[in-house]
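The block underneath contains the structure these notes are about, expressed in structure tokens.
Numbers here simply count residues along the sequence, with the first being 1. Note that ligands are numbered from 1 as they come in the structure, with each ligand's atoms numbered from 1 the same way.
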Amino acid sequence: MLERRVKPLAESVQSKFVEQCDLGQDDQIEATFGKLAKVWDNVDFVIHAVAFAAKEDLEGHFVDTSRKGFALALDVSAYTLTAVAKAALPFMKDGGSITTLTYYGAEKVVPNYNVMGVAKAALEASVRYLAADLGQKNIRVNAISAGPVRTLAAMGISGFRDMLKHVADKTPLRRNVQADEVGKTSLYLTSDLSSGVTGEVIHVDCGYSIIGM
Ligand SMILES: NC(=O)c1ccc[n+]([C@@H]2O[C@H](COP(=O)([O-])OP(=O)(O)OC[C@H]3O[C@@H](n4cnc5c(N)ncnc54)[C@H](O)[C@@H]3O)[C@@H](O)[C@H]2O)c1
């Protein structure tokens with residue numbers, strides 16, 4: 001299903017390189033970057049837009065999260081950033097930019113977001129540690145904290161529609177953020193426009209995160 005959307009996107013930038021890769025499997029990451037080495041010798045930027053948790057862990061009470069569910073969410077949604085950064089490193093010889101996607105549920109309690117909030121908190125901390133590690137290689141690492149956007153992953157969160165309505169009613173801009181607004185910030189983070197920015201979590205949420213009451 002994803003391939004149907006990703007292939008035309010790749011073609012639009014004259015690329016034939018589209019690979020399926022389960023980032024939960026080190027051998028698949030290695031194989032994918034091995035194939036990449038045959039077509040590209042340099043990578044300027046990486047966008048990490050990956051998250052997963054079991055459906056039962058995105059509803060009800062956080063206290064009920066199982067050990068297995070916790071490990072899965074943290075592995076796929078947080079550790080994979082470090083795994084991909086490590087694999088991309090040999091290709092980023094002239095420096096570059098790594099950007100990931102996070103959410104406000106890392107900072108504050110959001111109903112039903114549960115274990116994903118804990119995973120995003122680990123992801124945001126990983127951004128800072130990776131930024132410190134890779135800065136000397138002129139590789140910048142940042143996160144975009146996006147407001148809720150109707151996507152496949154988001155629809156798996158119980159009560160997501162209510163969340164959209166709540167945010168639209170309460171944000172300073174009185175609306176939900178659009179996917180292309182998140183895209184525009186990732187363009188900023190991957191380009192030289194943000195050459196002095198690393199280790200940051202930038203909110204692209206129509207201002208929702210500044211509201212206290
Ligand atoms: N949609 C929102 O409201 C919202 C808000 C803030 C942050 N985010 C974050 O944006 C990122 C992208 O999510 P989205 O909302 O665009 O949904 P999406 O469903 O389009 O993207 C999630 C992606 O994760 C991939 N994925 C899951 N497990 C994987 C694995 N083991 N290996 C490789 N890829 C795997 C899926 O294939 C999918 O492409 C996620 O990190 C998500 O948490 C989304």
Backbone N/O of T65 and side chain of D57: donor-acceptor pair under 3.5 Å: no

Parallel, tilted or perpendicular, judged at 30° and 60°: which one describes the rings of F70 and F62? tilted

Using side-chain contact (heavy atoms from CB on, under 4.5 Å) as the criterion, list what pairs up with T151, not counting sequence neighbours. V149, A153, A154

Lining ligand 1 at under 4.0 Å, by non-hydrogen atom distance, are residues L2, C21, D22, L23, G24, A49, V50, A51, F52, V76, L101, T102, Y103, K120, A146, G147, P148, V149, T151, L152, A153, A154, F160

Is there a side-chain contact between L58 and S158 in this structure, where contact means two heavy atoms from C-beta onward sitting under 4.5 Å apart? no

Using a 3.5 Å cut-off and no angle test, enumerate the donor-acceptor pairs between side-chain atoms of residues 161-172 and protein atoms at least two apart in sequence or in another chain.
from: K165; atom 1: NZ; to: D169; atom 2: OD2; distance (Å): 2.9
from: H166; atom 1: NE2; to: Y208; atom 2: OH; distance (Å): 3.0
from: T171; atom 1: OG1; to: V167; atom 2: O; distance (Å): 3.3
from: T171; atom 1: OG1; to: R174; atom 2: N; distance (Å): 2.9
from: T171; atom 1: OG1; to: R175; atom 2: N; distance (Å): 3.1
from: T171; atom 1: OG1; to: R175; atom 2: O; distance (Å): 3.2

Tell me, please, which residues at least two apart from F33 pass ring pair (Phe, Tyr, Trp, His ring centres under 6.0 Å). F91

